[in-house]
2 protein chains.
Amino acid sequence: MVTGKAGGRSRVTAVDVAREAGVSISAVSRVFTPGASASSKMRAKVLAVSERLDYMPNAMARSLMTNRTHLIGIIMANFKNPVYLSILDSFTHAIQQRGLRSLLFNVSRGDDLEASARQIMEYSIDGMIVSAASMSPLLSDQCRRRGIPLVVFARHPRNVKANVVTADNVAGGRLAARLLIERGYRRMAYVGGPETVSTSLDRGSGFDQALAEAGLDRVRRVNATDYGYDEGYEAVSRLLNGGDRPEAVFCANDIMAMAALDAARYDFGLRVPEDFAVIGFDDIPFAATKPYRLTTIRQPMDAMVRQSIDVLTDQISAPDVSPVTRILPCSVIERDTVRSS
Amino acid sequence: MVTGKAGGRSRVTAVDVAREAGVSISAVSRVFTPGASASSKMRAKVLAVSERLDYMPNAMARSLMTNRTHLIGIIMANFKNPVYLSILDSFTHAIQQRGLRSLLFNVSRGDDLEASARQIMEYSIDGMIVSAASMSPLLSDQCRRRGIPLVVFARHPRNVKANVVTADNVAGGRLAARLLIERGYRRMAYVGGPETVSTSLDRGSGFDQALAEAGLDRVRRVNATDYGYDEGYEAVSRLLNGGDRPEAVFCANDIMAMAALDAARYDFGLRVPEDFAVIGFDDIPFAATKPYRLTTIRQPMDAMVRQSIDVLTDQISAPDVSPVTRILPCSVIERDTVRSS
DNA sequence: TTAACGCCTGCAAGCCTTTGCAAAATGGCG
DNA sequence: CGCCATTTTGCAAAGGCTTGCAGGCGTTAA
């Protein structure tokens, strides 16, 4: 290895700075290590030279020694629902605020979540956030074995041992049911997502519970094949074409609710909210636009993100505490797709 | 440093595997280095032990030697427009496909782009993609000095020396104008984003050009304070309230176009497309929903992403080629907000 | 059977930091 | 001015991996 190695031009390193400033390498290191002892003369000298040479400590070499990478892995699956853009926004922001960096992994195209996780682990990240429908217990095992704090976001898988931060989806479903009942609707249906997804399941079962408590039965239930607009449209059309046409639907997310609204109005000539009510879930920005004005159940996303990062950083600094689970309450955002009294 | 250091339990390393398998460390390394020479016996033995011990090479240590991190930095600013979710989807997917990883940086809240870039550089990333409104020349300088390939995505700043992959926004603007002219509209207006953003500027000037060529003048132009729905709504209301009411508007993105449509229909009682035409830009999924059916100009996002990554990886393997700029054509997606003949 | 030839493999140096330890410098105080 | 208590500072050893070099071994040809 004689000349400039494989990659780009060799960076300026701490030895260059040390030589130039006439100090030891350790001194340079200490100037760039918060909390290390260095006289102000020293600090000034090193900083000046670093500035001039455009020196910057090499994070890789550093992490080799410190066993900290300041990298947080984010595993995401849903790139179709705009809520996830704002979730990503909040997460990356919160992560950067704390001086950490986000390593983003996309597991949407059925790419093996397991395999991705392994890849991530090569980087010995400090912590990991998973926001993906399928959360395998093997992943959480991997993390525990390697001592990597993990929080499962907006999902509540029963069979994994990890931190969980989620909205209270069951309670959210109940909220929807009670609103509908209170407003005099009687024949309700639920439009869920794919059958395996715990959020959809929880929202549905909360809905059913509250219905049952009021002595009502859910008329029907359909599951969309995916969480998108088209899939929702198709599912709702199926629902409205069948017998037992409901007076109200509760949808597992806003996108499907918007599809429901469109299908009801444009294809079935239903008046909303007079003939037919629709409730969504999430409160995405589009739900508030003029043509929709969707009544919906809101998850406290900001709080969820904040708590996730809190839990994660706590766990990073104190690795041996046992996993916590935080369940945050939803609220109803009332607009115009449920009649007002 | 006697006992378990700062971070989690110490990982299993190549020496563990080597000892256990009765081979040298180099052997282990070579088994995990594609293209290195190792007999199949060797390989089998090492792989078996690695499996059992759950060994995985440490990417940090590796990159220290190879000068390659396999990390691609993505700098993004716009977390409000859903197009960026699909862009992120495509990028992360393409990056993973090539065995690389995405380090995502959020510079939306006016966080200094410069400062973020510096942070990113500490990780000595292999390449960087910037999709942010403001692209400072200093950033591209930083990259060039450090030998980090850089591509500017969906933006065409004149004053930076870097790879550029973007849609032909000027031509896109012309497309919009010509469609409108051909369909008999005469009094046009443009609704742009903040005045400093090159995409909005280019789209507007292409629009103006084509109008001028047809002997028409743009009636008015308004700029929204941001690219969102509410800002668009406000801008369009201003436009329609003023004198010289136009018969058609071209909006710098779909979100504002949707806002325009809503404002025109709900607040001004205009019939679209009979009395009033609207054209957007981007072709986001919501533009296709029943209440909108928006006619719009589409950027070839997938191709743009693919080319960006191609350019980037080319540049990574051959660092000394000069920057390229690729400008891809837009197309019109015709739906129902411009009359059909 | 022996020599020449290749493929494997191990050795050890190097990548860029951090950090325990001990020596040097500083400062306060009598 | 000398002594002791603190800082500062430098040395050198990690940390986990890659890789040039040279010796080892198995193979083929004579």
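Atom-to-atom, NZ of A:K41 to P of C:dT26 comes out at 6 Å; the value is rounded to the nearest Å. Summarising the geometry, the separation between CZ on A:R68 and C1' on C:dC16 is reported as 20 Å, rounded to the nearest angstrom. Rounded to an integer number of Å, the gap from CZ of A:F32 to C1' of C:dC16 is 14 Å. Distance B:R43 CZ to C:dT9 P: 9 Å, rounded to the nearest Å. The NZ atom of B:K45 sits 14 Å away from the P atom of C:dC8 (whole-angstrom rounding). Protein atom CE of B:M42 is 17 Å distant from nucleotide atom C1' of D:dG26, rounded to whole Å. The nearest whole Å value for the distance from the CE atom in B:M60 to the P atom in D:dG16 is 13 Å. For the pair A:N67 CG and D:dG15 P, the computed distance is 10 Å after rounding to whole Å.
At a cut-off of 3.5 angstrom, counting only N and O atoms as typed in the model, there is no donor on one side facing an acceptor on the other between the side-chain of B:R11 and the base of D:dG15.
The side chain of A:R30 approaches D:dC11 more closely than any other nucleotide in the set C:dT17, D:dC11, D:dT19. Comparing D:dG16, D:dT19, C:dT18 by their nearest atom to the side chain of B:T33 picks out D:dT19. Residue B:R62 has its side chain nearest to D:dC17 when only C:dC8, C:dC11, D:dC17 are considered. Nearest to the side-chain atoms of B:M65 among the listed nucleotides C:dA12, C:dT18, C:dC15 stands C:dC15. Distances were taken from every side-chain heavy atom of A:A14 (C-beta onward) to each of D:dT18, D:dG16, C:dT17; the shortest belongs to C:dT17. Set against D:dT18, C:dT17, C:dT19, the side chain of A:Y55 has C:dT17 as its closest nucleotide. Distance from the side chain of A:A27 is smallest for D:dG10 among the nucleotides D:dC17, D:dT19, D:dG10. Proximity note for A:S39 (side chain, C-beta onward) versus D:dC17, D:dT8, C:dC15: the nearest is D:dT8.
Between the CG atom of A:D126 and the CD1 atom of A:I316 there is a distance of 5.0 Å, given to the nearest 0.5 Å. To the nearest 0.5 Å, atoms CD1 (B:I148) and CE (B:M121) are separated by 4.5 Å. Between atom CD1 of residue A:I125 and atom CG of residue A:L150 there is a gap of 9.0 Å, rounded to the nearest 0.5 Å.
Looking only at atom types and distance, the side chain of A:N163 has a donor-acceptor partner in the side chain of A:Q315 under 3.5 Å away. Side-chain contact of A:Q119 with B:R101: a donor-acceptor pair under 3.5 Å is present, judged by distance alone. B:H70 and B:R68 share no donor-acceptor pair across their side chains, judged by distance under 3.5 Å alone.
Two residues, A:I25 and B:S26, neighbour DNA chain C, and the one matched to the more 5' nucleotide by heavy-atom proximity is B:S26.
The shortest distance between the side-chain N/O atoms of A:S29 and the OP1/OP2 oxygens of C:dT18 is below 4.0 Å.
No contact: A:A36 has no heavy atom under 4.0 Å from any strand. Residue B:T13 is classed as a sugar-phosphate contact, given heavy-atom separations below 4.0 Å to backbone atoms only. As judged by a 4.0 angstrom heavy-atom cut-off over every strand, A:V23 is placed among residues touching the sugar-phosphate backbone only.
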